[in-house]
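FYI, side chains are in, hydrogens and waters are out, and symmetry mates aren't considered; it's all heavy atoms of this structure. Atoms within a ligand are numbered from 1 in the order they appear, just like the ligands themselves. All residue numbers in this chain count up from 1 along the given sequence.
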Amino acid sequence: MITDSFGRLHDYLRISLTDNCNFRCFYCMPEEEYDFTPASRLMQTHEILELAKIFVAQGVKKIRLTGGEPLVRKDAAQIITALGELPVELVITTNGTRIAELLPSLIQAGIKNINISLDTLQPEKFLLITRRDLFHQVRSNIELLLQHKIGVKINMVVMKGLNDGEISDFIEWTRHNPIQIRFIEFMPFSGNKWTSNKMCSLEEILSIIAKDFTVIPVSGEPNDTAKRFMIPGHEGSFAIISTMTAPFCSTCNRMRLTADGKLKNCLFSDGETDLLTALRNQEDVLPLIRASIWDKKKELGGQLGTHFEQLDADTINNRSMITIGG
Ligand code: SAM
Ligand code: SF4
């Protein structure tokens, strides 16, 4: 078992497969020209598997593949197949562009749930946010997953003045579709143009939805990061991830492995532990994992208070989201 000094059990590992991506979402990438990490410095397939096995032996029950865009990695299918053999729930967060090509591997690996990021239902706005004209491809891949009875959660980062006017359209989408929309509070990372007035809070999102729909809270799982809700008569549901205004740190069970093999004990931690170099030097990585998690701060990496109105994103000492693995 892996625990921190506050007694939180850590049994959920998020593995970033790459910091590369075929999208350019402005809220995720650094402002300046960004050089993706060369392949030799990324964890190789066998290294990912070796590290994952160490975590699983310590009680990890769930692994999420993320990135960057995890499915642009050339050996994504092999990695998914190999991790699918482990006794864990394997899930993925993806921008949804490469689902069709990888569907056989996803099914073979027993993947039951996929989170797809989609911040708008309008093709022109999609292009503005991602700088790629692939809206229809993502939408048809979502349909493909539903046809194959794979659970779909849609991640929508809500940004004032950009897509907050579409919240009710996303809710309308859940009327006849068994999808869960996850509205995410916009989070600050260095260089991502975050300002507190662009952030739409849990309370604001709920009050927008409550204008048009009857909202019923649903009790969640113990380590849920999302507050869940349903709307009577809707096949799907929605949830809100309120990292900024109502963080869920007290029940956090997450560890993050970056694509270059560094362990981060929190999305907002300013430190990281190099597991890949230790693995390549044939050192025992378990004591490093334990020490890293033991040092985890109580809340938001010890860097962000909940008085986000005064927060300056550029004073936060952290990687950009694309290099952490969201
Ligand atoms: N490329 C994949 C995707 O877009 O789903 C996986 C990686 S992405 C970094 C993971 C999630 O983080 C996405 O749902 C994305 O919308 C979210 N994300 C990125 N930057 C964010 C930010 N500044 N605030 C809130 N969520 C963010
Ligand atoms: Fe790529 Fe996902 Fe970041 Fe968009 S949110 S740039 S798709 S990693």
Side-chain angles (χ1 to χ4, degrees), residues 14-31 33-34 36-37 63-73 76 91-99 102 113-120 125-135 137-138 141-142 145 152-160 162-164 170 179-196 198-202 205 225-226 239-245 247-248 254 256-259 264 267-268 300 304 308 311 313-314 316 318-326:
R14 300 169 74 100
I15 304 178
S16 171
L17 295 190
T18 175
D19 59 354
N20 204 333
C21 188
N22 51 346
F23 282 8
R24 294 289 178 274
C25 308
F26 69 85
Y27 57 75
C28 176
M29 304 204 57
E31 231 166 350
E33 203 42 49
Y34 176 66
F36 297 116
T37 307
I63 292 180
R64 177 174 301 279
L65 301 180
T66 180
E69 173 45 43
L71 303 186
V72 299
R73 198 169 145 146
V91 288
I92 300 186
T93 300
T94 168
N95 63 25
T97 49
R98 298 213 57 223
I99 294 288
L102 287 158
N113 291 291
I114 297 194
N115 287 23
I116 300 213
S117 301
L118 185 66
D119 301 314
T120 175
K125 205 185 286 178
F126 183 93
L127 177 60
L128 187 82
I129 294 174
T130 66
R131 295 207 256 130
R132 296 293 182 268
D133 193 6
L134 292 169
F135 174 81
Q137 187 169 321
V138 174
N141 279 337
I142 292 171
L145 289 175
V152 174
K153 292 182 181 171
I154 303 289
N155 287 357
M156 188 245 202
V157 180
V158 190
M159 291 161 281
K160 275 190 185 156
L162 183 61
N163 59 358
D164 54 337
F170 274 85
I179 52 176
Q180 186 191 76
I181 308 291
R182 292 151 58 89
F183 297 107
I184 305 177
E185 288 181 350
F186 183 24
M187 298 184 280
F189 294 92
S190 50
N192 82 341
K193 301 194 179 79
W194 183 93
T195 53
S196 62
K198 285 187 200 144
M199 201 200 74
C200 202
S201 69
L202 163 85
I205 296 168
T225 55
I240 303 179
I241 302 178
S242 55
T243 312
M244 300 305 295
T245 65
F248 33 79
R254 285 138 200 264
R256 294 166 190 274
L257 195 51
T258 64
K264 275 180 74 75
L267 184 56
F268 296 109
L300 298 173
L304 275 67
F308 56 85
L311 194 70
D314 289 327
I316 300 169
N318 201 357
R319 292 171 173 235
S320 57
M321 184 63 134
I322 199 162
T323 61
I324 300 173

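Thr18 and Glu69 share no side-chain donor-acceptor pair at under 3.5 Å. Looking only at atom types and distance, the side chain of Asp19 has a donor-acceptor partner in the side chain of Thr37 under 3.5 Å away. There is a side-chain donor-acceptor pair under 3.5 Å between Arg64 and Thr93. In this model, a donor atom of one side chain and an acceptor atom of the other lie less than 3.5 Å apart for Thr97 and Asn22.
Take a cut-off of 2.8 Å around atom 4 (Fe) of ligand 2: the protein N, O or S atoms inside it are Cys25 SG.
Here Phe268 and Phe189 bring their ring centres to under 6.0 angstrom of each other.
Neither the backbone nor the side chain of Thr243 has a heavy atom within less than 4.0 Å of ligand 1.
Contact between Val152 and Ile142 at its shortest, heavy atoms only, is CG1-CG2, 4.2 Å. When every heavy atom of Met244 is checked against every heavy atom of Phe186, the shortest pair comes out as CG-O, 3.6 Å. Here the closest heavy-atom approach between residue Phe23 and residue Val138 is recorded as CZ-CG2, 4.3 Å.
Close approach of ligand 2 to Gly68 is summarised as follows: ligand atoms under 4.0 Å from at least one heavy atom of the residue are 8 (S). Numbered from 1 in the order shown, with element, the atoms of ligand 1 that lie under 4.0 Å from a heavy atom of Cys28 read 9 (C), 19 (C), 20 (N). Residue Phe189 approaches ligand 1 through these ligand atoms, each under 4.0 Å from one of its heavy atoms: 23 (N). The Glu185 neighbourhood of ligand 1 comprises atoms 25 (C), with distances under 4.0 Å to a heavy atom of that residue. Less than 4.0 angstrom separates some heavy atom of Ile184 from each of these atoms of ligand 1: 25 (C), 26 (N). Atoms of ligand 1 lying under 4.0 Å from at least one heavy atom of Val157, given by number and element, are 16 (O), 25 (C), 26 (N), 27 (C). Every atom of ligand 1 is numbered from 1 in the order shown, and the set under 4.0 Å from a heavy atom of Thr94 is 2 (C), 3 (C), 5 (O). Listed by number with element, the atoms of ligand 1 under 4.0 Å from a non-hydrogen atom of Asn95 are 2 (C), 3 (C), 5 (O).
Below 3.5 Å of separation, one finds an N or O of Asn192 facing an N or O of ligand 1. Between Asn155 and ligand 1, at least one N/O pair is under 3.5 Å apart. By the 3.5 Å distance cut-off applied to N or O atoms, Ser117 is counted among the residues near ligand 1.
By the 4.0 Å heavy-atom criterion, Gly67 is counted among the residues contacting ligand 1. For the pair Gly68 and ligand 1, a heavy-atom separation below 4.0 Å is found. Within the structure, ligand 1 lacks Met156 among the residues with a heavy atom less than 4.0 angstrom away.
A distance of 8.0 Å separates CG in Leu267 from CZ in Arg14, rounded to the nearest 0.5 Å.
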